Novice: 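Quick one: the structure is below, questions incoming.
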Amino acid sequence: MATVLSIADAVKQRFAQAISIAFPDAADSDPQLRRSDRADFQANGFMSLAKPLRANPREVAVRVLENLAADEVIANLEVSGPGFINVSVTDAAILERLAARAADTRLGVGSSAAPGVTVIDYSQPNIAKEMHVGHLRSTIIGDALVRILKFSGETVIKRNHLGDWGTQFGMLIQYLLEHPGELDEGKESADSGPSMSRLNRLYKASRALFDSDTEFANRSRLRVVDLQAGDEETVASWQRMVDESKLYFEAVYANLDVLLEDNDAIGESYYNHMLADVCADLEASGVAVRSDGALCVFFDDIKGQGGEPTPLIVQKSDGGYGYATTDLAAIRDRVGMLGANQLLYIVDSRQALHFQMVFETARRADWLPDDVRALHLGFGTVLGKDGKPFKTRSGETVRLMDLLDEAVDRAGTVVSEKSPQLASEELEDRAKQVGIGAVKYADLSTSRTRDYIFDADRMVSLNGDTGTYLQYAYARIQSILRKTPEGVTPTAHRDLALEPAERALGLLLDEFGATVDLVAETFEPHRLCAYLHNLASAYTTFYEHCPVLKAPTREVMETRLLLCQLTGQTLRQGMDLLGIGTPERL
RNA sequence: GCGCUCAUAGCUCAACGGAUAGAGCACUUGACUACGGAUCAAGAGGUUGCAGGUUCGAAUCCUGCUGAGCGCACCA
């Protein structure tokens, strides 16, 4: 593994040196180097540098430029406009990096100099309940961030904070104990798989009985107490539902092709035995106080409707605990036991106030020291085409499995039209990669914070700015590489003059590492999507203008093959960081 | 009432305070015995919700307004 210094960084180094010579007092001033449509790069930093010096920006740029010269990287420099410096780079610098990146398993991308430990909390389905569209974004975004942070060198601990505890389980357990055969095999209809089908039936049956039979409802409430107390029979019954649900979750995760495993599933129940201690500590330290019988934490700047302060309730007046307490226990555990210095929560934006209060409470309790970062990475609500929360025609929440099945079905139709000779097994595999990839790309390519319109037609569309377009570009590259003539090796010939389409592609390939770094810092996967789409577009332009296998000379052919190869490697690596598959053929 | 998020092409969305605000879809026009056309090239489409302010420079930062979504005491 060899880290490759990007052209942008090489140019920045030269600018930094030139600035420190020309303006020693402003030696660390940022040259603000950006890509440009007037040259390869433009440096914007001299207008702002001129301000405190009370100097003319163009003259500042000229003085910096006097300390720069063309060399093996820089081909040409010119001052332009109010004080920009336009920079062109040499073809040799591009070619040299292409070769170095293609030869490296990480494409020459370095790891973080100071990696930390990140705990990332995402997906969070509820036991005995069907997963729906609301879980889709959390799972997909979380999965992509896990992959990206790992790649950047971070130690990543995944946490699937299952909703596996609470009063609703009294009803389910009571029903299961009274109807011991309810979760047995053989009585299910195949909709979301047998596990979920059995749980659905149990849920509906117990709910119906709970609503119609007050005696059963009372028994259910008592059952909650047994569960809290750890009664053996009750816990065994609860465990059975948890196990059954996990089978279903694992099926969904396998279908979605995400990294979550059974080990990552640390549900609310895991923290149950810590809750009393958490509350005792908060009360003893004075962070929390009693109010109307509940144990509460108050905040100066958080007020409710009547101007009354809105507290975080860590213990209800009946002695029970809510999810705030569980979240606090989890923070204490993740920082204290797991050694995390960064906590990420991939949760619906509507929970913003909750996390604000939880984080502030944890800070006051000293469970969250200043050097540990805690971030709620919220995301928008999933809406239907009408702009309203996504529902089926009958008004029910849409099941995640149905969504994925639909995407895969449509992808399968198109794949089979294009490749009718495929064996059904292979067709199924490709349809899955295309369909799931389309769903993920549609979700990840839009910025996280906004509401998200779920448009199945657009998302599964195989044209345009979609995951399929990227997969197609990748497959075409592989097709060319397979046809490489005997004895020809992809090689960057340094002395070749590059055509515009080749330069554009080469410069873009050199930016992959910076893009990944940016996403790892900002937690914004859509920037990686945009990069990959640009890359695929640049490739198709290159592909149209620069014949590869019919190239005029052997050197040109080998160089273009290397461009193809590195584009393929970069697409595959980038899509892998998004959790999107890259089939060799579509 | 207070708070959070948002408002950009007909639609769905981008744009780390930099020069002429970009993609995709849809639309118009070109290129097909094709290194896989699931493609490419070109065109048209904009007072960045409104009004001020800061700045050499604002879609971006600040203030106000309008409009939308969401959240505000024992559900999670």
Side-chain angles (χ1 to χ4, degrees), chain A residues 32 34 36-38 42 44-45 47-48 50-51 56-57 80-84 86 124 126 163 165-168 268 291-296 301-318 320-324 326-327 348-354 356 378 380-381 383 385 387-389 414-415 417-419 434 442 445-447 449-453 455 457-459 461-466 468-469 471-473 475-476 478-481 483-484 514 518 521-522 526-527 529-530 533-534 537 540-541 543-551 557 560 564 585-586:
Chain A
Q32 297 180 37
R34 311 274 186 264
S36 174
D37 50 0
R38 304 181 176 220
Q42 64 184 48
N44 302 334
M47 277 89 76
S48 50
K51 186 69 196 302
N56 180 317
S80 168
F84 298 96
N86 290 340
Q124 305 122 344
N126 295 311
W165 204 249
T167 51
Q168 74 276 18
E268 295 172 326
S291 172
D292 290 347
L295 189 61
C296 301
D301 52 347
I302 300 176
K303 293 188 168 60
Q305 262 111 341
E308 296 297 308
T310 299
L312 184 74
I313 294 175
V314 292
Q315 188 179 27
K316 297 187 281 184
S317 52
D318 67 358
Y321 305 105
Y323 74 140
T326 310
D327 280 340
D348 192 310
S349 291
R350 287 176 291 195
Q351 301 294 324
L353 182 61
H354 165 73
Q356 188 190 330
T381 308
L383 307 175
K385 278 189 228 181
K388 294 176 184 167
V414 185
V415 170
E417 275 173 14
K418 276 292 164 185
S419 308
V434 171
S445 61
T446 182
S447 70
T449 48
R450 293 170 58 133
D451 284 350
Y452 171 46
I453 293 196
D455 184 340
D457 291 325
R458 190 196 316 279
M459 151 182 323
S461 160
L462 303 179
N463 297 311
D465 184 12
T466 64
T468 314
Y469 178 76
Q471 289 172 325
Y472 175 59
R476 288 211 298 182
Q478 299 316 305
S479 171
I480 284 197
L481 293 177
K483 291 178 184 163
T484 303
L518 184 66
E521 281 169 27
T522 60
H526 79 273
R527 293 176 185 276
C529 293
H533 183 254
N534 279 342
S537 300
T540 50
T541 302
Y543 177 89
E544 291 293 324
H545 290 86
C546 306
V548 178
L549 300 178
K550 294 171 186 164
M557 189 197 303
R560 287 178 180 173
C564 291
R585 299 168 205 256
L586 290 187

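Quick caveat, the model's predicted, so the values are computed rather than measured. Side chains included, hydrogens not; waters and symmetry mates left out as well; all remaining heavy atoms used.
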Novice: Looking only at N and O atoms, is any donor in the side chain of A:Tyr472 or the base of B:rA38 less than 3.5 Å from an acceptor on the other one?
Specialist: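 Checked by distance alone, the answer is no.
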Novice: Can you tell me if A:Lys303 touches the phosphate of B:rC2, counting only side-chain N or O atoms and a distance under 4.0 Å to OP1 or OP2?
Specialist: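 False: A:Lys303 side-chain N/O out of range (4.0 Å or more) of B:rC2 OP1/OP2.
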Novice: Taking atom P of B:rU39 as reference, at what distance in whole Å does atom CG of A:Asp465 sit?
Specialist: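 Rounding to the nearest Å, CG of A:Asp465 and P of B:rU39 are 12 Å apart.
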Novice: What interatomic distance, in whole Å, is found between P of B:rC65 and the corresponding atom of B:rC25?
Specialist: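 Nearest-Å result for B:rC25 against B:rC65 at atom P: 41 Å.
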Novice: Would you compute the distance between atom OG of A:Ser317 and atom CG of A:Asp292 and round it to the nearest 0.5 angstrom?
Specialist: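 Result: 8.0 Å between the selected atoms.
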Novice: Can you tell me if A:Arg476 touches the phosphate of B:rG37, counting only side-chain N or O atoms and a distance under 4.0 Å to OP1 or OP2?
Specialist: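 Yes, such a contact exists.
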Novice: Please list, chain by chain and in numerical order, all residues satisfying side chain to side chain donor-acceptor pair (under 3.5 Å) with A:Ser48, sequence neighbours excluded.
Specialist: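 Checked A:Ser48 against side chain to side chain donor-acceptor pair (under 3.5 Å); matches are A:Gln32.
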Novice: With side-chain contact (heavy atoms from CB on, under 4.5 Å) as the test, would you mind laying out the steps for A:Thr326 and A:Trp165 before giving the verdict?
Specialist: CA-CA 10 Å; A:Thr326 310; A:Trp165 204 249; over 6 Å; no
Novice: What does nucleotides 9-20 of chain B look like as a protein-contact string, B for base, S for sugar-phosphate only, - for none, at under 4.0 angstrom between heavy atoms?
Specialist: ---SSSSB-BBB
Novice: Hey, what do you get for CD (A:Gln356) to CD1 (A:Ile302), rounding to the nearest 0.5 Å?
Specialist: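 That separation rounds to 4.5 Å.
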Novice: P atom, B:rG52 versus B:rU60: distance in rounded Å?
Specialist: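 One P to the other, the span is 14 Å.
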Novice: Which value, in whole Å, describes the distance between the P atoms of nucleotides B:rA58 and B:rG53?
Specialist: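 Pairwise P distance, B:rA58 against B:rG53, rounds to 12 Å.
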Novice: Considering only the P atoms, how many Å lie between B:rG71 and B:rC27, rounded to the nearest integer?
Specialist: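 Their P atoms lie roughly 38 Å apart.
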Novice: Within less than 4.0 Å of OP1 or OP2 of B:rA73, is there a side-chain N or O belonging to A:Gln305?
Specialist: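 So the side chain of A:Gln305 is within the cut-off, an N or O lying under 4.0 Å from OP1 or OP2 of B:rA73.
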Novice: Can you check the distance between B:rC16 and B:rG3, where both ends of the measurement are the C1' atom (answer in whole Å)?
Specialist: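 28 Å, rounded to whole Å.
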Novice: Any base atoms under 4.0 Å from A:His533, or only sugar-phosphate, or nothing? Heavy atoms, all strands.
Specialist: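 If one applies the 4.0 Å heavy-atom cut-off, A:His533 turns out to touch the sugar-phosphate alone, with no base involved.
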Novice: Calculate the interatomic distance between A:His354 atom NE2 and B:rC75 atom C1'; express it in whole Å.
Specialist: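 Result: 12 Å.
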Novice: Can you tell me which stems involve RNA chain B, if a stem is defined as three or more consecutive Watson-Crick or G-U wobble pairs, both distances under 3.5 Å?
Specialist: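 RNA chain B stems, ordered by first number: B:1-5 with B:68-72, B:10-13 with B:22-25, B:27-31 with B:39-43, B:49-53 with B:61-65.
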Novice: With a centroid cutoff of 5.5 Å and a plane-angle limit of 30°, would you call A:Tyr543 stacked on B:rC35?
Specialist: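 Whether judged by distance or by angle, A:Tyr543 passes, so it stacks on the base of B:rC35.
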Novice: Please answer whether the main-chain N or O of A:Pro547 pairs with a side-chain N or O of A:Arg560 as donor and acceptor at a distance below 3.5 Å.
Specialist: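 Checked: pair present.
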Novice: Between B:rA14 and B:rG24, how far apart are the C1' atoms? Round to whole Å, please.
Specialist: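 So the two C1' atoms sit 10 Å from each other.
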Novice: Does the side chain of A:Leu383 come within less than 4.5 Å of A:Pro389's, by heavy atoms?
Specialist: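 A side-chain contact exists here, since the closest heavy-atom pair is under 4.5 Å.
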Novice: Taking salt bridge (Lys or Arg N to Asp or Glu O under 4.0 Å) as the test, write out the residues that go with A:Arg476, two or more places apart.
Specialist: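 Scan of A:Arg476 (salt bridge (Lys or Arg N to Asp or Glu O under 4.0 Å), adjacent residues dropped) gives none.
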Novice: Taking the side chain of A:Asp292 as heavy atoms from C-beta outward, which of B:rA41, B:rA73, B:rA38 is closest to it?
Specialist: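 When the side chain of A:Asp292 is considered, B:rA73 is the closest of B:rA41, B:rA73, B:rA38.
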Novice: Once you apply a heavy-atom cut-off of 4.0 Å, does A:Ala475 come out as touching a base, just sugar-phosphate, or nothing?
Specialist: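 The answer is base, as A:Ala475 lies within the cut-off (heavy atoms under 4.0 Å) of a base atom.
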Novice: Measuring from A:His545:NE2 to A:Thr540:OG1, what's the distance to the nearest 0.5 Å?
Specialist: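 If we round to the nearest 0.5 Å, A:His545:NE2 and A:Thr540:OG1 are 10.0 Å apart.
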Novice: Can you tell me how far P of B:rC56 sits from CG of A:Asn56, to the nearest Å?
Specialist: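 It works out to 13 Å between those atoms.
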Novice: Which part of the nucleic acid does A:Pro547 contact within heavy-atom distance under 4.0 Å: base, sugar-phosphate only, or nothing?
Specialist: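 Base contact.
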Novice: Taking the nucleotide of RNA chain B with the nearest heavy atom to each, does A:Pro389 or A:Asn534 sit closer to the 5' end?
Specialist: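 It is A:Asn534, whose closest nucleotide lies nearer the 5' terminus.
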Novice: Is there a donor-acceptor contact under 3.5 Å from the side chain of A:Asp451 to the main chain of A:Thr381?
Specialist: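 Yes, because the side chain of A:Asp451 sits within donor-acceptor range (under 3.5 Å) of the backbone of A:Thr381.
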Novice: Residues two or more places apart in sequence or in another chain: which of them pass ring pair (Phe, Tyr, Trp, His ring centres under 6.0 Å) with A:Tyr323?
Specialist: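 For A:Tyr323, the residues satisfying ring pair (Phe, Tyr, Trp, His ring centres under 6.0 Å) (neighbours in sequence not counted) are A:His354.
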Novice: Nearest whole angstrom, please: distance from the C1' of B:rC4 to the CD of A:Gln351.
Specialist: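 The answer, rounded to whole Å, is 13 Å.
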Novice: Mind checking the C1' distance from B:rG67 to B:rC32? Whole angstroms is fine.
Specialist: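 These two C1' atoms come out 49 Å apart once rounded.
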Novice: If we take the P atom in both B:rC56 and B:rC72, what is their distance in whole Å?
Specialist: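 Rounded to whole Å, the distance is 45 Å.
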Novice: Classify A:Ile302 by what it touches in the nucleic acid, base, sugar-phosphate, or nothing, heavy-atom distance under 4.0 Å.
Specialist: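 Nothing: the residue A:Ile302, judged by heavy atoms under 4.0 Å, touches no strand.
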Novice: Checking contacts here: which listed nucleotide (B:rA73, B:rU39, B:rG36) is nearest the side-chain heavy atoms of A:Tyr469?
Specialist: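 That would be B:rU39.
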Novice: CG of A:Asn126 to CD of A:Glu268: how many Å apart, nearest 0.5 Å?
Specialist: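 Reported value, rounded in 0.5 Å steps: 7.5 Å.
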Novice: Counting any heavy atom closer than 4.0 Å, what does A:Cys546 reach on the DNA or RNA strands: base, sugar-phosphate only, or nothing?
Specialist: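 If one applies the 4.0 Å heavy-atom cut-off, A:Cys546 turns out to touch a base.
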Novice: Whole angstrom is fine here: how far is it from CG in A:Leu353 over to P in B:rG71?
Specialist: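 It works out to 11 Å between those atoms.
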Novice: Hey, is the side chain of A:Ser479 poking within less than 4.0 Å of OP1 or OP2 on B:rG36, counting only N and O atoms?
Specialist: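 So the side-chain polar atoms of A:Ser479 do come within 4.0 Å of the phosphate oxygens OP1 or OP2 of B:rG36, strictly under.
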Novice: Indicate, with a heavy-atom threshold strictly under 4.0 Å, whether A:Gly163 touches base, sugar-phosphate, or nothing.
Specialist: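 No contact.
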Novice: Do the side chain of A:Thr541 and the main chain of A:Ser537 share a donor and acceptor less than 3.5 angstrom apart?
Specialist: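 Yes, A:Thr541 side chain to A:Ser537 backbone: donor-acceptor pair under 3.5 Å.
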Novice: Rounded off to whole Å, could you give me the CD1-to-P distance for the A:Ile313 and B:rC72 pair?
Specialist: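 Whole-Å distance recorded here is 12 Å.
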Novice: Assign A:Thr310 to base, sugar-phosphate, or nothing according to its heavy-atom contacts below 4.0 angstrom with the strands shown.
Specialist: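 Contact class for A:Thr310: sugar-phosphate only.
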Novice: Could you check how far CD of A:Gln315 sits from C1' of B:rA73, rounded to whole Å?
Specialist: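 Distance check: A:Gln315 CD to B:rA73 C1' gives 15 Å.
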Novice: Distance check needed: B:rC35 C1' versus A:Met557 CE, whole Å only.
Specialist: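 To the nearest whole Å, that distance equals 10 Å.
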Novice: Looking at B:rU55, I'd like to know if its phosphate oxygens (OP1 or OP2) sit under 4.0 Å from a side-chain N or O belonging to A:Lys51.
Specialist: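 Answer no for this pair, as no side-chain N or O of A:Lys51 is under 4.0 Å from OP1 or OP2.
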Novice: Checking only heavy atoms, does the side chain of A:Ser291 share a donor-acceptor pair with the base of B:rA73 at less than 3.5 Å?
Specialist: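 Present.
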Novice: According to ring pair (Phe, Tyr, Trp, His ring centres under 6.0 Å), who are the partners of A:His533, at least two apart in sequence or on a separate chain?
Specialist: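 Counting only residues at least two positions away or on another chain, A:His533 forms a ring pair (Phe, Tyr, Trp, His ring centres under 6.0 Å) with A:Tyr469.
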Novice: Within less than 4.0 Å of OP1 or OP2 of B:rC75, is there a side-chain N or O belonging to A:Tyr321?
Specialist: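 A:Tyr321 to B:rC75 OP1/OP2: no side-chain N or O under 4.0 Å.
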